[in-house]
Every structure is written in C-alpha cells, then in structure tokens.
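Take a look at the structure below.
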2 protein chains.
Amino acid sequence: MGDRQAKDALFDAFGEVAKALGNGRRAELVDVLAQGERHVDELSAEIGQTVANTSFHLRVLANAGLVTTRRDGTRIYYRLASARVSELWLALRDVTAAHHEQLDELAAAYLGDRDRLEQIGRIELAERLAAGDVVVVDVRPATEFATGHISGARSIPIDEFAANIKDLPAGIEVVAYCRGPYCVFADDAVRVLRRRGRRARRLEDGFPEWVRADLPVAAAGAS
Amino acid sequence: MGDRQAKDALFDAFGEVAKALGNGRRAELVDVLAQGERHVDELSAEIGQTVANTSFHLRVLANAGLVTTRRDGTRIYYRLASARVSELWLALRDVTAAHHEQLDELAAAYLGDRDRLEQIGRIELAERLAAGDVVVVDVRPATEFATGHISGARSIPIDEFAANIKDLPAGIEVVAYCRGPYCVFADDAVRVLRRRGRRARRLEDGFPEWVRADLPVAAAGAS
DNA sequence: ACACTCCTCAAGTAATGTCTTGAATATAGC
DNA sequence: GCTATATTCAAGACATTACTTGAGGAGTGT
C-alpha cells in the first residue's frame, strides 16, 4: 500500500469530479440546479444549448456523481446529488471571484454596471423582515419559488415583473432577490423599480446563500 | 446586458478554475500545497513526475489563480493563493468521497485496510491533549511541521519514525496525524507502534482539517 | 566570466473533450 | 398497437490536453 500507481488512481478520482465542473455549460447547469430540480428541456433553454448537448453534459455530471435523476412520466428530472455539491459550487465561485483576473470584467459585461445598484446584507434583511418594514420579492421563476424561498417573500417572476409592480404596497422599500450574485433577475427588477421612483435594493447574493446562512426559509404554498 | 454570449463567457471562467483542478496530478499538487509552500523539485518528487511536467502543471494552476509563487535564490516556491483554495479542495474531496462510486475501493487500494485502524476525533483529541494524557506525534516531513502543527505535538517524520519510537514516553497512548484522510503516513506510524505493543490511534483527517475547525495551532520552533 | 543549479518554454505525439446531426429508445394516452 | 413527446445514443469534425524530450533563461558562487 502507498504505492505510486494506487495514489495516482485515487487522485485521478478527485480530478474526474473537478473535470465534470470544468466546463462553462456544466457550471451553468449546476448553478441552475442549485435552485431545485429541472427537466432536460428546461435546462437546455436555460443554458442555450441543444437538448442533445444538454443531455450529454448532464450525463457527464451524473457519471461524476454530482447530479441524480428521477423519472416522472416522460420527463426526467435532474437535481444535485446533495447539499455538499452546492457547497462545492459555492466554493468554486468564491475562489474564482477572488483569484480569476478577468472575472470582474466578465461579470460586469454580463450583469451591467452594479456600482449604482445598492445591495442589502442578509443579516440586515432578516432583521428588517422581522420588523416588517420591507417587502421582499422573489423574482425567480415560479417553480423555484415553490421549491423554497425566503420566509415572508412574495413571488413575482421577472418575466411578469413590470406588469405586477402595482400590486406591491406603496411607500415601503422593496428588496428583490434571485439565484445568486451572478443572476441578473434581481438587478433588472431593481432597475425597473427605481425607474418608477420606488425605493428598491437587491439582496446580496441569492437564495442558496440565504439557505446556507441558516436564515428562515419556507416552501410550497406557505409564505 | 444579460445576453447569452456574456453569460457563457462568465461561466466559462468558473469552468476554467474547475478545469485546473481537473487532473489527478494537479489535485495531488494542491493536496501537498495545502500543507505549506514547496519548490518545484520537491513537488515533482511528491507527485512522481518529471520536473518539466510538474512545472507545466503548476503553470496551469497559477494561470487559474489557484497558486502563487515566491522566488528565493534559484528556487521558486509555490503556495496556494489563499485559504479559500484550501476550502475548495476540501469541498471537492468531500463531494468525491460522498458521491464517487469507486472512491472507497481506490482509497483502500492506496491506504490499505483501515478497518482495524482506530481513529480518534478532533474534539476528543483536543480535550485529552488539554488533560495531558496523550502524546501527539506529527509524522509529516519536518518542513511541514515547522510551517504549522497541532499545538503540543512533537515532530517525528515518518522516514525516521521507527528509529525514534524509543523517545516516546512509555505507558501513554500515542496519536499520530499527517496531511489528511488520504495520507498514509499516520497509518504507517500507527501500524509500527501497534506491532511493538503500544497503544496508538490516528487522528481523523489531518492538519488542514484541524486548522479549519479552529483548534489550537502552533508554528515554527514553538510547540 | 565561468560553471552550476533550478526552473521554464517549445515542439511533437497520442489521447481526450466538445458540439453537431440524425437515428434510436422509453413512456403516456388513445 | 400506434402516435406524440421526451430523452439518450452514435458517429464524426475539430479543438484541447497530458506528457516527453531537449533547449533556454535566471540566479548563485567562485
């Protein structure tokens, strides 16, 4: 025991798992799946790839043990194998944010200039939510809201956001949140609100980070 | 903003970082570097590769931002870019251990049968270390001990272990530790001790995990 | 300047990964 | 059994990766 060949084989296994995350499209898949399970059709639209190619990438993730599947009729739903995988994804994102030279430029190119877009911290939001002097809006798709959301939040998916602003109580600050720091939904929502003269900020990061911080969560119909 | 091309480029950046870890030899490098900085020559011996190839892999890690360098004379020392990278490595190891089908077999092939090798938990060891009824031995190379070690541990590198057992006080249990769960040094040390009729166990995991758990650490000459 | 050590770079080869296209399989409802 | 829908599989073009060998650059000590 302790020989070169066995050691190489062991560490190759770690490499295989990392390699599964080593592709932009698969990283996008994991990011979406961190919000809850999805079927191939939805995922392919989400990452802008053909269904066949999406299926291929999902197979790579499944072979590495990062995702598992569940069949429901003709549909096959994919989900992350465990919360550990979510942790791994968050760790990868943190390291990239801290050490990848061009990440800031790439994020700015995708998200737009965030400098004028104020954020509110998780702890502060949790306090103000308890005090009741803020409205929290989940702007992710409805299925993601149903899977789990910030306790007390209401769901207005970004697609229908502009049309539903009038339902939000007036005179109270709005906080929008979505999938995470690299998700544009909340940014877009805040921009729309500001344009209409409302006080609005986005939550730092998104729902998975809220869960990770052990803050209050609700699921399904309950809010 | 929010267009496909920009999103793909952003997530490709996450993929690049993951890809840097996506090779067994580079995973080994990161595992060793988690113990402290090393120069290329040492690293090439550690992973059993030519210096040129080791240098190539280190360049890949450096380009991804995972490691940084420091020159000292003709030597170039590599180290992990930050504690975040160490976290990422631990997360990758956890996920692989939890979800890779063959990991147990591969680990057994490298480490040998561990079933008869008792481990002691971190918390229990910390308590017994405070009580003083246990001797803790760091069996990693001396340079790793110098960089940082469990407070109160003594250094007996595995190479010189058998020759130095006699220095250990008799009649008291010995706990050996090394680099982590996939390091053979502590296992080997415990086997040698048992063979000589001494009470001995290995610490669960290794030094990086001890640090991560915020347990007492010492560095350099101090013990 | 010189030799020496340590490390990186460049070129080449074999193997692997990505994505496309078109066909094949599995399930549900009729 | 037949059809529609959802997903996977197979084959191929093209780009990328791992590792080897040999040359080259950077720093030290005489």
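We name chains A, B, ... by the order of the sequence lines, and we start the count at 1 in each one.
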*Nearest whole angstrom, please: distance from the P of C/dG17 to the CG of A/L61.*
14 Å
*A/F56 has an atom CZ; how far is it from atom C1' of D/dA13, in whole Å?*
14 Å
*Would you mind reading off the distance between B/N53 atom CG and D/dT21 atom C1', rounded to a whole angstrom?*
12 Å
*asked:* Below 30° counts as parallel, above 60° as perpendicular, anything between as tilted: where do the rings of B/W89 and A/F14 land?
replied: perpendicular
*asked:* I'd like to know if B/E144 pairs up with B/R38 as an ion pair, taking the criterion as any Lys NZ or Arg NE/NH1/NH2 lying under 4.0 Å from an Asp or Glu carboxylate oxygen.
replied: yes
_Whichever of A/E42 and B/R71 has its nearest DNA chain D nucleotide further upstream toward 5'_ = A/E42
*Out of D/dT7, C/dA28, D/dA18, which nucleotide sits closest to the side chain of B/N23?*
D/dA18
_Just the rounded figure in Å: distance from C1' of D/dT7 to OH of A/Y78._
8 Å
*N/O (side chain, B/T50) to phosphate O (OP1/OP2, D/dT20) under 4.0 Å*: yes
*asked:* So, does A/H57 get its side chain near the phosphate of C/dC19, meaning an N or O under 4.0 Å from OP1 or OP2?
replied: yes
*Counting side-chain heavy atoms from CB outward, which of D/dT20, D/dC19, C/dA26 is closest to B/R25?*
D/dC19
_Contact nearer the 5' end of DNA chain D, comparing B/V60 with B/A52_ = B/V60
*Counting side-chain heavy atoms from CB outward, which of C/dT8, D/dC19, D/dA18 is closest to B/Q49?*
D/dC19
*Is a salt bridge present between A/E28 and A/R25, judged by a nitrogen-to-oxygen distance below 4.0 Å?*
yes
